[in-house]
Amino acid sequence: MRLVFLGAPGAGKGTVAELLHERLKVVHLSSGDLLREAVRRRSLIGQQAARCMQEGALVPDALVTDLMLQHLNDLGEEQSFTLDGFPRTGEQAQALDQALAQRCQAPIDLAVDFEVSSETVVSRLAGRRVCGSCGANYHLVTLPPRVAGRCDRCGSELQTRADDRPETILKRLQVYQEQTAPLLAFYRAQGKLRTTTGETGIEQQYQVLLELLRRERLVG
Ligand code: AMP
């Protein structure tokens, strides 16, 4: 099963992808998580990406495509995966298709669009917190840590992502509409676009997605 998750920031893609990983062992590759890790490690990619990320702009296509393809390359051919936050432009989507074809790997099965309103996105992202050390994600209301302000996994302090500040959230939504929403047409033309809800609670989002994947005969 090879999935691409589309949808505005805060639509729930990452959290649902994590549940798919925990419950069905589908590897979750999040371009945002990998970029944030690169920034934390101060690697060359991290240094190049940091400014764009802080401003809510997209990181250059070549940079993020190389990063994601490297990680895809490390997966076994039979490994199921979800791509979360990648591709985000037409160029990235084409590069992904070409890379899979060149390696004689099976193409993407489905692109799933998580539909969500701007109001929901703004209120969700404002409550999001991330661990400054290990990158684990939380939400003050829907996914609180066991101890307030501390990461369940490593105990480090939780932070608000720099790009989850209100002014940057609006910029990211605009970038999504302008640069990523056109990707829906790309996957629709391939007959691979499906739609799910990004509005409900996470468990319900997961169950709706699972039903969709069953209908598509991607899970038993
Ligand atoms: P996310 O966690 O997916 O919301 O991504 C956080 C930030 O990382 C985005 O606002 C972009 O600056 C950058 N980013 C993540 N994925 C991509 C991508 N596929 N292309 C370009 N920039 C990306």
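All ligand and atom numbering here is 1-based and tracks the order in the structure. Because the structure is predicted, anything quoted here is derived from the model rather than measured.
Within 4.0 Å of ligand 1, the residues that place a heavy atom are S31, G32, L35, R36, M53, A57, L58, V59, V64, G85, F86, R88, Q92, R161, D163, R172, listed by chain and number.
Side-chain polar atoms of T89 and Q179 form no donor-acceptor pair below 3.5 angstrom. Using modelled atom types and a 3.5 Å distance limit, the side chains of T197 and T200 yield no donor-acceptor pair.
Taking Ile, Leu, Val, Met, Phe, Trp and Tyr as hydrophobic and joining them when side-chain heavy atoms fall under 4.5 Å apart, one finds L158 in a cluster with Y138.
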Going by atom type alone, with no hydrogens or angles, which donor-acceptor pairs under 3.5 Å involve a side-chain atom of residues 6-26 and a protein atom two or more places apart or on another chain?
unit_1 : atom_1 : unit_2 : atom_2 : d
K13    : NZ     : G7     : O      : 2.9
K13    : NZ     : A8     : O      : 3.1
E18    : OE2    : H28    : ND1    : 2.8
R23    : NH1    : E203   : OE1    : 3.3
R23    : NH1    : E203   : OE2    : 3.1
R23    : NH2    : E203   : OE1    : 3.0
K25    : NZ     : E22    : O      : 3.4

Donor-acceptor pairs are to be reported for all side-chain atoms of residues 97-115 against protein atoms at under 3.5 Å, with residues two or more places apart or in another chain.
unit_1 : atom_1 : unit_2 : atom_2 : d
D97    : OD2    : Q190   : NE2    : 2.8
R103   : NH1    : N73    : OD1    : 3.3
D109   : OD2    : R2     : N      : 2.6

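Hydrophobic clustering, with ILVMFWY side chains joined whenever heavy atoms are under 4.5 angstrom apart, groups L96 together with L35.
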